[in-house]
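Just so you know, residue 1 is the first one in the sequence shown, and it goes up from there. Heavy-atom basis, side chains included; hydrogens, waters and symmetry copies ignored.
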Amino acid sequence: MMKHFVRRLWPTLFTLVVMTGPALAHNLILEAYPFGETIAGEAFFSDGVMVGESVVEIIGPDGERIGEVLTDPHGSFSYTPTESLDLTFRLDAGAGHVAEATVAAKTLDVQHPPTSGRSVVAPVRLSAGVEAEIAAVIREQLRPMRQDLARYSAHSSYPVVLGGIGYIVGLAGLGFVVMARRRKLNA
């Protein structure tokens with residue numbers, strides 16, 4: 001009886017294992033990083049789709065809501081804090097897609113290390129408008145690389161590798177069980 005059941009079940013199991021495809025899931029990624037006295041950020045899904053025109057909540061260290069910013073059509077946002085606080089940016093894109101990013105207050109102030117007695121050439125100070133333009137150009141140029149990195153890291157993770165090893169061990173175990181039953185029947 002068991003032998004007939006296994007013979008009928010084997011094609012079904014084989015079909016389920018071989019014919020199933022990968023799940024097409026994606027994660028919401030929210031990045032926030034200090035840039036001088038402002039905080040810039042981006043919101044996008046791990047498959048590269050930008051989260052444009054969405055509300056990003058700004059939460060203070062005590063959990064109180066300080067304000068909100070709106071992402072542009074490319075998923076970017078910018079915020080200039082009025083006081084030095086650890087800030088958490090939270091985006092709820094619906095359907096269970098929620099992401100948070102925290103920026104520490106100490107990262108907003110740019111500190112220059114003291115010189116060690118050597119003569120140092122004074123840095124050239126650019127106007128705020130020129131610095132902002134350069135920052136915008138650099139941020140725009142780096143956007144595709146950050147998206148590619150996020151997409152890559154979302155698709156190549158330890159659970160995928162461990163799942164593959166689990167399949168191999170499971171199929172090997174199933175093979176040993178079949179071999180043991182054949183030996184038992186032939187003996």
Side-chain angles (χ1 to χ4, degrees), residues 9 12-109 132 135-174:
L9 186 62
T12 305
L13 288 176
F14 180 77
T15 303
L16 286 174
V17 170
V18 173
M19 303 302 262
T20 56
L24 300 175
H26 56 257
N27 297 324
L28 177 62
I29 299 170
L30 180 65
E31 294 179 349
Y33 41 88
F35 184 76
E37 295 178 2
T38 64
I39 299 172
E42 292 181 332
F44 54 93
F45 290 105
S46 60
D47 61 0
V49 175
M50 302 306 290
V51 182
E53 300 177 358
S54 296
V55 176
V56 178
E57 295 177 321
I58 304 164
I59 302 168
D62 297 330
E64 75 278 2
R65 184 175 175 192
I66 295 175
E68 63 183 33
V69 292
L70 188 66
T71 61
D72 66 10
H74 302 290
S76 298
F77 66 90
S78 178
Y79 175 71
T80 304
T82 56
E83 50 187 311
S84 184
L85 296 171
D86 292 341
L87 299 174
T88 301
F89 294 84
R90 183 178 186 276
L91 174 64
D92 185 352
H97 296 104
V98 179
E100 290 185 353
T102 302
V103 176
K106 63 183 177 183
T107 62
L108 294 175
D109 298 328
V137 168
I138 291 172
R139 198 169 31 245
E140 191 64 32
Q141 294 295 320
L142 290 177
R143 181 187 319 229
M145 292 187 333
R146 281 197 305 267
Q147 292 171 357
D148 288 343
L149 181 62
R151 204 173 313 142
Y152 174 75
S153 65
H155 293 296
S156 61
S157 60
Y158 291 114
V160 172
V161 172
L162 292 176
I165 292 171
Y167 271 116
I168 292 169
V169 170
L171 290 174
L174 186 61

### Query
Shortest non-hydrogen contact from Pro34 to Val103?
CD-CG1, 4.2 Å
### Task
Give the minimum heavy-atom separation between Val98 and Arg90, together with the two atoms involved.
CG1-NH2, 3.7 Å
Rounded at 0.5 Å granularity, tell me how far [atom1] in [X] sits from [atom2] in [Y].
X: Leu30; Y: Thr71; atom1: CG; atom2: OG1; value: 9.5 Å
X: Met50; Y: Asp72; atom1: CE; atom2: CG; value: 8.0 Å
X: Glu31; Y: Phe77; atom1: CD; atom2: CZ; value: 9.5 Å

### Task
Could you tell me whether the side chain of Asp86 and the main chain of Ala105 form a donor-acceptor pair under 3.5 Å?
yes
### Query
Hey, does the side chain of Thr88 reach the backbone of Glu100 with a donor-acceptor pair shorter than 3.5 angstrom?
no
### Task
Only counting residues at least two apart or in another chain, list the ones meeting side chain to side chain contact (heavy atoms under 4.5 Å, CB included) with Pro81.
Ile39, Tyr79, Leu87, Leu108
### Task
Name all residues meeting the ring pair (Phe, Tyr, Trp, His ring centres under 6.0 Å) criterion together with His74; count only those two or more places apart in sequence or in a different chain, and write none if there are none.
none
### Task
Determine, step by step, whether Phe89 and Ile58 satisfy the side-chain contact (heavy atoms from CB on, under 4.5 Å) criterion, reporting the C-alpha distance in whole Å, the side-chain angles of both residues, the deciding distance to 0.1 Å, and the verdict.
CA-CA 5 Å; Phe89 294 84; Ile58 304 164; 3.7 Å; yes
#### Entry: Ser78 vs Val69 side-chain heavy atoms within contact, under 4.5 Å
no
### Query
Are any non-hydrogen side-chain atoms of Val51 and Phe45 less than 4.5 angstrom apart?
yes
